[in-house]
Amino acid sequence: MAVRPRIWIGIDVGKAAHHSCVVDEQGKVCWSSRMNNDQRAIESIIDRARATGAERVWAIDLISPLAAVLITVLLAAGEQVVYVPGRTVATMTGVFRGEGKTDAKDARVIADTARMKTDLQPVTAPDELIAELTGLSAYRADLMDDWVAGVNRLRAMLASIFPTLEAAFDYSSRSPLILVSGLCTAAEIRAAGIDGIATFLAENGAWAKGVDKIAAAAVSAAGAQDVAVPAEAATAALIKRSAAKLLDLDREIKDLDKQIAVVFRQHPHASIIESMPGMGPHLGTEFLVATGGDLTAFSTSGRLASYAGLVPVPRDSGRVTGNLHRPKRFNRRLRRVFYMAALSAIRRDGPSRTFYQRKRDERQVHTQALLALSRRLVDVLWALLRDGRPFTEQPPGAVPATASA
């Protein structure tokens, strides 16, 4: 087989195996092959691609941890790798393959898309610190999913046997979880009484200042129910087991948050990011993970805002111009970072709250004002990182009114 001047290798990333498809400059398929998701198999495909084309562009549809070994081996071999977003692949699928789906067809769509589009994002090796934060952040997100599901499951079971107690507390807090980990039926609470409940809570680490209030509320809830529903004992045992698991999960999340904060603060931009109103170690970590920790790809704050979906896009047609709409393609993780930062920043007096209130006075609804503030926070943070200085409420270069001439 003659060596082609240039080829594109599309890879449909999978868990146990990937499928690769190679096309030349005319879009002709050179070969298509399945490879296991391991280093030696990937290196074998690289050797085959080098024998096929003098210049090679590898295109992948995932840059998640699932593709970590693939990306690492390709970059270590000095290959050029680009990222084809899943939405783009879905759009191009109808153009190239019509109906029907196989891994081989997906790989060809990815290769043809890379051949036709010259503005795809190059894939680079992640910084070691960013890679560590990415793993920690992903694990925390999984734990939070488990937490939300666990709390919802516990509330549903508790409502089925003791609805008054379910409505009395917020079970995303530790103290109510401690209560139902040992006492979760009306009969148990009546038997324990206020003193017994208070002792149980105190011995198991409940918040000391809230013990008496929780005990009184629990006894009050028990006074509203005398009946025992069918299978109450079995359900109560499940509630206690679920509450114990949630307490362990809460501790794991808090320990993980401390670990994330320690790692985050090792980044050279950490102090600047944390100085921003509304930004802390958690949102700072999300920001670094979403941007790769490097703003060289964002030459202006507008590009960063556009990546976060905070810049409207035109939807003009014919004589209709200036028709702006919310974007559909953006990094939702980054958008959430700035939205949550804005939500936190308006809780205290300062320039963020002043800006938000000005937007409300302009008759913008709460969400619109928050999005406007989110866009402003992008500008501020980008400028701070560009200049390498922390946030201050006093504008740079401003001279205090009390300063003498």
Side-chain angles (χ1 to χ4, degrees), residues 11-18 35-43 45-46 57-86 110 120-146 252-274 276 279-298 303-304 307-308 330-338 340-341 381-382 385 388:
I11 299 181
D12 180 51
V13 178
K15 181 180 179 181
H18 313 305
M35 60 178 168
N36 291 331
N37 185 17
D38 64 68
Q39 180 181 348
R40 301 296 175 239
I42 297 169
E43 289 173 341
I45 290 294
I46 293 175
V57 178
W58 298 76
I60 59 177
D61 63 337
L62 280 178
I63 52 176
S64 66
L66 194 65
V69 173
L70 173 65
I71 294 171
T72 301
V73 174
L74 287 173
L75 294 179
E79 297 296 304
Q80 180 184 355
V81 187
V82 297
Y83 170 54
V84 182
I110 294 168
L120 293 172
Q121 175 186 351
V123 177
T124 57
D127 177 81
E128 185 70 24
L129 183 63
I130 300 301
E132 185 175 357
L133 286 174
T134 300
L136 291 172
S137 178
Y139 184 62
R140 186 186 188 278
D142 290 340
L143 293 184
M144 289 305 300
D145 289 341
D146 293 341
E252 184 177 4
I253 291 172
K254 289 178 179 177
D255 290 343
L256 183 62
D257 284 343
K258 293 178 182 178
Q259 183 182 356
I260 289 174
V262 170
V263 177
F264 166 73
R265 286 173 179 145
Q266 296 174 17
H267 194 276
H269 292 159
S271 59
I272 297 175
I273 295 172
E274 275 198 276
M276 274 280 296
M279 294 287 278
H282 177 59
L283 288 181
T285 294
E286 294 292 309
F287 172 78
L288 291 178
V289 170
T291 60
D294 186 6
L295 292 183
T296 55
F298 307 103
R303 291 199 174 191
L304 180 59
Y307 187 54
F330 56 89
N331 189 304
R332 283 161 174 76
R333 189 174 194 174
L334 187 60
R335 181 191 181 100
R336 180 182 178 277
V337 167
F338 287 106
M340 296 302 294
L381 182 57
W382 185 88
L385 293 174

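Numbers here are sequence positions counted from 1.
- A salt bridge is defined here as a Lys NZ or Arg NE, NH1 or NH2 lying under 4.0 Å from an Asp or Glu carboxylate O, and Glu286 with Arg333 meets this definition.
- Between Leu70 and Met35, some side-chain heavy-atom pair lies under the 4.5 Å cut-off.
- Across Ile63 and Ile71, no two heavy atoms sit closer than the pair CA-CD1, 4.1 Å.
- With rounding to the nearest 0.5 Å, the separation of CG in Leu283 from CZ in Phe338 is 9.5 Å.
- You'll find the side chain of His282 stays beyond 4.5 Å of the side chain of Met340, heavy atoms only.
- Counting heavy atoms from C-beta outward, Phe264 and Gln259 have side chains that stay 4.5 Å or more apart.
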### Task
Step by step, work out the side-chain contact (heavy atoms from CB on, under 4.5 Å) result for Ile11 and Asp61.
CA-CA 7 Å; Ile11 299 181; Asp61 63 337; over 6 Å; no
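- Nearest heavy atom pair, residue Ala59 against residue Val84, reads CB-CG2, 3.9 Å.
- Arg335 and Ala308 get closest at one heavy-atom pair: CB-O, 3.0 Å.
- Here CZ of Phe287 is found 5.5 Å from CD1 of Ile273. Values are rounded to the nearest 0.5 Å.
- Side chains of Glu132 and Glu128 form no contact here, defined as non-hydrogen atoms less than 4.5 Å apart.
- By the 4.5 Å heavy-atom criterion applied to side chains, Ile110 and Ile60 are not counted as neighbours.
- Judged by distance alone, with hydrogens and angles left aside, the side-chain atoms of Asn36 form no donor-acceptor pair with the main-chain N or O of Asp38 at under 3.5 Å.
- Residues Pro85 and Leu120 share a closest heavy-atom pair of CD-CD2, 4.5 Å.
- A tilted orientation is assigned to the rings of Phe298 and Tyr307, their planes being inclined by 30° to 60°.
- For the pair His269/Leu295, no side-chain contact is recorded, criterion being any heavy-atom separation below 4.5 Å from C-beta on.
- No side-chain heavy atom of Thr291 sits under 4.5 Å from any side-chain heavy atom of Asn331.
- When the options Thr285, Leu256, Asp145 are evaluated for a side chain to side chain contact (heavy atoms under 4.5 Å, CB included) with Arg140, the one that passes is Leu256.
- Within a 6.0 Å sphere centred on CD of Gln266, other residues, nucleotides and ligands contribute more than 12 heavy atoms.
- Within the 4.5 Å cutoff, the side chain of Leu334 has heavy atoms near those of the Leu304 side chain.
- Contact detail for Lys15 and Asn37: the closest heavy-atom pair is O-ND2, 3.1 Å.
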